[in-house]
Number of protein chains: 2
Amino acid sequence: MKELTKQQSKVLACVEVYLNKTGFPPTRAEICKELGFKSPNAAEMHLRALEKKGYIAIQSGSSRGISVVKSQQNFTQSPDQMPVIGLVAAGSPTLAEENIEKRIPCDPNMFADSFDYFLKVKGLSMIEAGIHEDDLVAIKKTTDVKNGDLVVVRLEDEVTLKYFKQNNHNLELIPANKDFSIIEVDLREQEAFVEGKSVGLIRTH
Amino acid sequence: MKELTKQQSKVLACVEVYLNKTGFPPTRAEICKELGFKSPNAAEMHLRALEKKGYIAIQSGSSRGISVVKSQQNFTQSPDQMPVIGLVAAGSPTLAEENIEKRIPCDPNMFADSFDYFLKVKGLSMIEAGIHEDDLVAIKKTTDVKNGDLVVVRLEDEVTLKYFKQNNHNLELIPANKDFSIIEVDLREQEAFVEGKSVGLIRTH
DNA sequence: TTATATACTGTAAAAATATACAGTATAAAT
DNA sequence: ATTTATACTGTATATTTTTACAGTATATAA
């Protein structure tokens, strides 16, 4: 099987992801939108190349007439098992096997945004936001967070779940419980690592 | 899940076979050709019926925008699309398509107990249990509930989510908000229908 | 007897989509 | 220095496809 160029590989992945999410293949225009191309012909050329190399088949004249012949990644057909990580007092939440308490079968796209793992909540600092002890907060690994986001932040070796608010070098980590006080950090004096942000929550009754 | 008519069943099978063979869904015209209809509207009507009964989802305006939600055969392994139902003021929560606000890809076994649908929470009566407006409560259809369970109960045409407590003919539906009062029902005087119980909760941030 | 649901035909317009053609730009190969 | 392959933009058009509307026919329920 012939090698794919970087862009061809991206296009194939895009088709596969779309197919997985919607159940039918994307149009040229949709591929463009996803990958940032400005001409439908960009997608067309890549698709033709993928066809030539035997990765897809194109039904000429049919809309969305793409079928994936040889998948790049092996999509697991069974439901994903998303890991649950305890909010350990020390160190970053890592996906190392020893930190995974258990796994929950669910779709990483079940919330508005995709997520990477569940964080098990300890303590009552966010209770007024309806976040209880042992709730599982779905975390997307990212450093791209805005004021007001519910974020996972590491200070020294302490990991915490709080609302995020930053003005220049002044970082505030805001709890949702009047018995707790705001954590203020001067970023010139102390480092803070944003591990990710919450995109959702689940709780077992 | 509602029963299908003979023709609807044929159309669903046709879609599934086509999907299996080509990798993308058929158009109305192709369904007609396959099943011998002479008008694309014949296929259209059957597809709309299948959508209403929850077997497929149709992406409006998209060509071939059909995704099979609930397969007749059991060969689609894609993650289940669990329905979200609004807590309507009147009548039971039903799974008829007109009551389904959207669907969420997730595993029906993600909680300790399996569930049938999500109920979208209205109001603040359970806020002290960390259940907010617009949270989605996972409901298992059952009448087998115990005191202390979080249940969906219908009184007359009112559907409500409360804690369950019953002593003989005396039923109490207990909110989790000090501004709300307990609903007391004498079962000799008034009927109460237990629609199901909550097995979990999800919230999108 | 009059609805009501199922099950279509036939037509047509609007919208979505594939796809051809004419270019531009860049890097690597010859 | 010129070709060749990759990687696009931009435009236009023919075709595909959805979808609304107006009917017809039949069986079943109220």
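Note on naming: letters A, B, ... go to the chains in the order of the sequence lines (proteins, then strands), and numbering restarts at 1 for each one.
Contact check on Arg48(A) versus Glu51(A) returns a salt bridge, with a Lys/Arg side-chain nitrogen under 4.0 Å from an Asp/Glu carboxylate oxygen.
In this structure, CG of Leu50(B) is placed 12 Å from P of dT6(C), rounded to the nearest angstrom. The CZ-P distance, from Phe24(A) to dT17(D), rounds to 14 Å in whole Å. Put simply, CG on Asn41(A) is 9 Å from C1' on dC21(C), counting in whole angstrom units. In this structure, Arg28(A) places its CZ atom 15 Å from C1' of dT17(D), rounding to the nearest Å. Nucleotide dA16(C) holds its C1' atom 15 Å from the CD1 atom of Ile31(A), rounded to whole Å. Rounded to an integer number of Å, the gap from Leu35(B) CG to dT9(C) C1' is 16 Å. In this structure, Glu51(A) places its CD atom 13 Å from P of dA18(C), rounding to the nearest Å. As a whole-Å value, the separation of Ile58(B) CD1 from dT19(D) P is 8 Å.
Residue Gln7(A) places no side-chain N or O under 4.0 Å from the OP1 or OP2 atom of dT6(D). For the pair Thr5(B) and dA5(C), the criterion of a side-chain N or O lying under 4.0 Å from OP1 or OP2 is not met. A sub-4.0 Å separation between OP1 or OP2 of dC8(C) and a side-chain N or O of His46(B) is present. Ser60(B) has a side-chain polar atom (N or O) that falls below the 4.0 Å cut-off from OP1 or OP2 of dT19(D). OP1 or OP2 of dG10(C) has not a single side-chain nitrogen or oxygen of Ser39(B) nearer than 4.0 Å. An OP1 or OP2 oxygen of dT19(C) is reached within less than 4.0 angstrom by a side-chain nitrogen or oxygen of Arg48(A).
When all heavy atoms of Ala192(B) and Leu187(B) are compared, the pair lying nearest together is CB-CD2, 3.9 Å. Closest approach of Ile56(B) and Leu47(B) over heavy atoms only: CD1-O, 3.5 Å.
Checked by atom type and distance alone, the side chain of Gln166(B) pairs as donor or acceptor with a backbone atom of Asn168(B) at under 3.5 Å.
Nearer the 5' end of DNA chain D, as judged by each residue's closest nucleotide, is the contact made by Lys38(A), out of Thr27(B) and Lys38(A). Closest-nucleotide positions on DNA chain C for Phe37(B) and Ser63(B) were compared, and the one nearer the 5' end corresponds to Phe37(B). Nearer the 5' end of DNA chain D, as judged by each residue's closest nucleotide, is the contact made by Ala42(A), out of Gly61(A) and Ala42(A).
Note that the CZ atom of Arg203(B) and the CZ atom of Phe111(A) stand 10.0 Å from one another [nearest 0.5 Å].
Comparing dT11(C), dA7(D), dT11(D) against the side chain of Gln8(A) picks out dA7(D) as the nearest.
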